[in-house]
Amino acid sequence: MVVALIIACEVGFWVLLALGLGARYLLKWRRTSVVLLLCEPVLELVLFAVTAWDLKNGAEPGWEHGLAALYIGYTVAYGHYTIRWLDGHAAHRLAGGPPPAKPPRHGMPRARHEGRLWLRTVLGAAVACALLQGAVWYVGDEGDVSSLRSFQETALRVVAIHGLIALTYLIWPKKAPAGESAPEGARGTARPATTEPQTNDGTGPRHTQRSA
């Protein structure tokens, strides 16, 4: 049941998101779109409540409960980020807004961007580990909590791997191509200086008239 609910929450997330953006930019129903987008966190609350209820009714802690915790953590950390990203693209394509800014690709700006994404992963892992630890305490010593512990370790491994990847952008920053680093207008070949013949008084070039 928990796995089916996770799938339903994922489908519901994208359905609510599509309805909310459609109401905002196609139908111009801004208040309705706000209500639809605010329903997104309700899905995670329902998933959390059903998972807790399943454990309370004596279900053995399994991988599905760990997966539910990871899903909730990911949604908390990256849900708003995903909605904001898609909202920018919808405003550009459906309402004539400016194109959304692309994330930096080179140098220290790219390293800072990757660092901020890693902090989101840390937040998601912290939420997941907290939920899993609560489930461990709830089950107590009477039940087998090895699967819950393994998902905690999985969350920590994801944080470590993502942190190493983000660190590479800081230690070895990606350099922009030479053409992109050059300022606008400085990419062409400089025109060589011309030596115009001067008049006797040195005031300017000598102009000759062609006889008809």
Side-chain angles (χ1 to χ4, degrees), residues 2-52 63-106 108-132 151-152 154-170 174:
V2 176
V3 177
L5 187 59
I6 293 174
I7 297 174
C9 287
E10 180 67 13
V11 174
F13 175 86
W14 293 106
V15 169
L16 285 174
L17 183 56
L19 291 176
L21 295 179
R24 173 173 295 184
Y25 295 111
L26 294 179
L27 301 178
K28 309 300 181 183
W29 296 348
R30 187 169 183 83
R31 291 184 179 179
T32 303
S33 71
V34 172
V35 173
L36 290 170
L37 294 177
L38 287 177
C39 289
E40 299 278 10
V42 177
L43 298 175
E44 280 64 54
L45 293 176
V46 171
L47 178 58
F48 175 74
V50 171
T51 304
W63 63 270
E64 63 272 14
H65 301 100
L67 182 62
L70 292 182
Y71 177 80
I72 293 174
Y74 175 84
T75 306
V76 170
Y78 283 94
H80 178 70
Y81 178 82
T82 303
I83 292 173
R84 186 176 59 185
W85 181 79
L86 288 174
D87 182 69
H89 283 273
H92 172 57
R93 295 184 177 276
L94 302 179
K102 295 182 179 181
R105 296 185 298 171
H106 310 105
M108 292 305 297
R110 175 63 183 270
R112 286 191 290 268
H113 173 72
E114 295 295 332
R116 286 191 291 267
L117 290 181
W118 177 72
L119 290 178
R120 289 185 179 274
T121 300
V122 171
L123 173 61
V127 171
C129 287
L131 293 175
L132 290 167
F151 272 93
Q152 285 181 321
T154 299
L156 295 178
R157 281 196 296 269
V158 170
V159 169
I161 294 172
H162 191 179
L164 290 175
I165 294 174
L167 190 60
T168 60
Y169 288 94
L170 181 63
K174 188 176 181 181

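These values consider heavy atoms only, across backbone and side chains, with no hydrogens, waters or symmetry-generated copies.
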| query | Can you list every pair that meets salt bridge (Lys or Arg N to Asp or Glu O under 4.0 Å) and has a residue in residues 154-164, with sequence neighbours left out? | reply | none
| said: For Y169 versus A111, what's the shortest heavy-atom pair and its separation? | reply: O-CB, 3.5 Å
| Where do P109 and P104 come nearest, in terms of heavy atoms and distance? | O-CG, 3.4 Å
| said: Working to the nearest 0.5 angstrom, can you tell me the gap between R120 CZ and H80 NE2? | reply: 7.0 Å
| task | Indicate the ring-plane relationship of Y81 and Y78, choosing parallel, tilted or perpendicular according to the 30° and 60° boundaries. | result | perpendicular
| message | On a heavy-atom basis, which atom in I72 and which in E44 lie closest, and how many Å separate them? | response | CD1-O, 4.0 Å
| task | For I83 and F13, run side chain to side chain contact (heavy atoms under 4.5 Å, CB included): C-alpha distance rounded to whole Å, both residues' side-chain angles, the deciding distance at 0.1 Å, then the answer. | result | CA-CA 10 Å; I83 292 173; F13 175 86; 4.2 Å; yes
| query | Yes or no on side chain to side chain contact (heavy atoms under 4.5 Å, CB included) for V3 and W63, after CA distance, side-chain angles and deciding distance? | reply | CA-CA 9 Å; V3 177; W63 63 270; 3.5 Å; yes
| query | Taking side chain as C-beta onward, heavy atoms only, is L170 less than 4.5 Å from R112? | reply | no
| task | First locate atom CG of L67, then atom CD1 of I6, and finally report the distance between them rounded to the nearest 0.5 Å. | result | 4.0 Å
| query | When rounded to the nearest 0.5 angstrom, what distance separates CD in E10 from CG in L5? | reply | 12.0 Å
| remark: For Q152 and C129, the nearest pair of non-hydrogen atoms, with its separation, is NE2-O, 3.2 Å
| message | Set out, in order, the CA-CA distance, both residues' side-chain angles and the distance that settles side chain to side chain contact (heavy atoms under 4.5 Å, CB included) for L117 and H162, then state yes or no. | response | CA-CA 9 Å; L117 290 181; H162 191 179; 4.2 Å; yes
| query | Which value, rounded to the nearest 0.5 Å, describes the distance between H65 atom NE2 and L132 atom CG? | reply | 11.0 Å
| query | Can you tell me how far the CG atom of L21 sits from the CG atom of L27, to the nearest 0.5 Å? | reply | 11.5 Å
| task | Please report the closest heavy-atom contact between L131 and F48, naming both atoms and the distance. | result | CD2-CE1, 3.2 Å
| query | Do L16 and L43 touch side chain to side chain, with heavy atoms closer than 4.5 Å? | reply | yes
| Side chain to side chain, Y74 and V127, heavy atoms closer than 4.5 Å | no
| field | Set of salt bridge (Lys or Arg N to Asp or Glu O under 4.0 Å) partners for E114, sequence neighbours left out | value | R110
| note | Separation between CH2 (W118) and CD1 (I161), nearest 0.5 Å, reads 13.5 Å
| Please, which pairs that meet side chain to side chain donor-acceptor pair (under 3.5 Å) have at least one residue in residues 15-29, sequence neighbours excluded? | R24-S33, R24-D87, Y25-D87
| task | Identify the two heavy atoms, one from L123 and one from A77, that lie closest to each other, and give their separation to 0.1 Å. | result | CD2-CA, 4.1 Å
